[in-house]
Amino acid sequence: MFAKLAFRNVQRQIRSYLIYFVTVALSIALMFAVNNLSYSDRIRNCFYGWWQI
């Protein structure tokens with residue numbers, strides 16, 4: 001009974017769950033992109049050269 005009720009709830013709320021999962025996935029992807037840029041040698045050298053001017 002509980003499994004049937006839970007499954008019906010998921011079916012009714014699938015749009016809300018989908019928006020949540022897409023938002024979480026995009027947030028994690030953005031976090032990894034910023035992290036990769038911050039440790040990139042090319043970007044670090046660009047700012048290091050700019051800081052010395």
Side-chain angles (χ1 to χ4, degrees):
M1 180 69 184
F2 181 71
K4 185 178 179 181
L5 182 63
F7 184 70
R8 280 183 36 207
N9 187 31
V10 168
Q11 283 182 331
R12 290 180 184 166
Q13 299 295 329
I14 193 73
R15 187 172 181 183
S16 298
Y17 294 151
L18 184 63
I19 291 171
Y20 171 75
F21 284 122
V22 167
T23 304
V24 168
L26 288 175
S27 299
I28 291 172
L30 183 63
M31 185 175 62
F32 278 116
V34 169
N35 194 24
N36 283 335
L37 281 176
S38 66
Y39 286 105
S40 174
D41 290 335
R42 193 178 255 182
I43 298 296
R44 190 179 306 151
N45 290 338
C46 178
F47 283 116
Y48 181 72
W50 175 76
W51 188 260
Q52 295 298 323
I53 295 176

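The figures that follow rest on heavy atoms only: side chains count, while hydrogens, waters and symmetry mates do not.
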Straight-line distance of Ile28 CD1 to Thr23 OG1, nearest 0.5 Å: 11.0 Å
Atom pair CG (Leu30) and CG (Asn35), whose distance is rounded to the nearest 0.5 Å: 11.0 Å
Atom CZ of Phe7 with >12 non-hydrogen neighbours under 6.0 angstrom: no
Tyr17 to Val10 - nearest heavy-atom pair and separation: CE1-CA, 4.0 Å
Straight-line distance of Asn36 CG to Met31 CE, nearest 0.5 Å: 10.5 Å
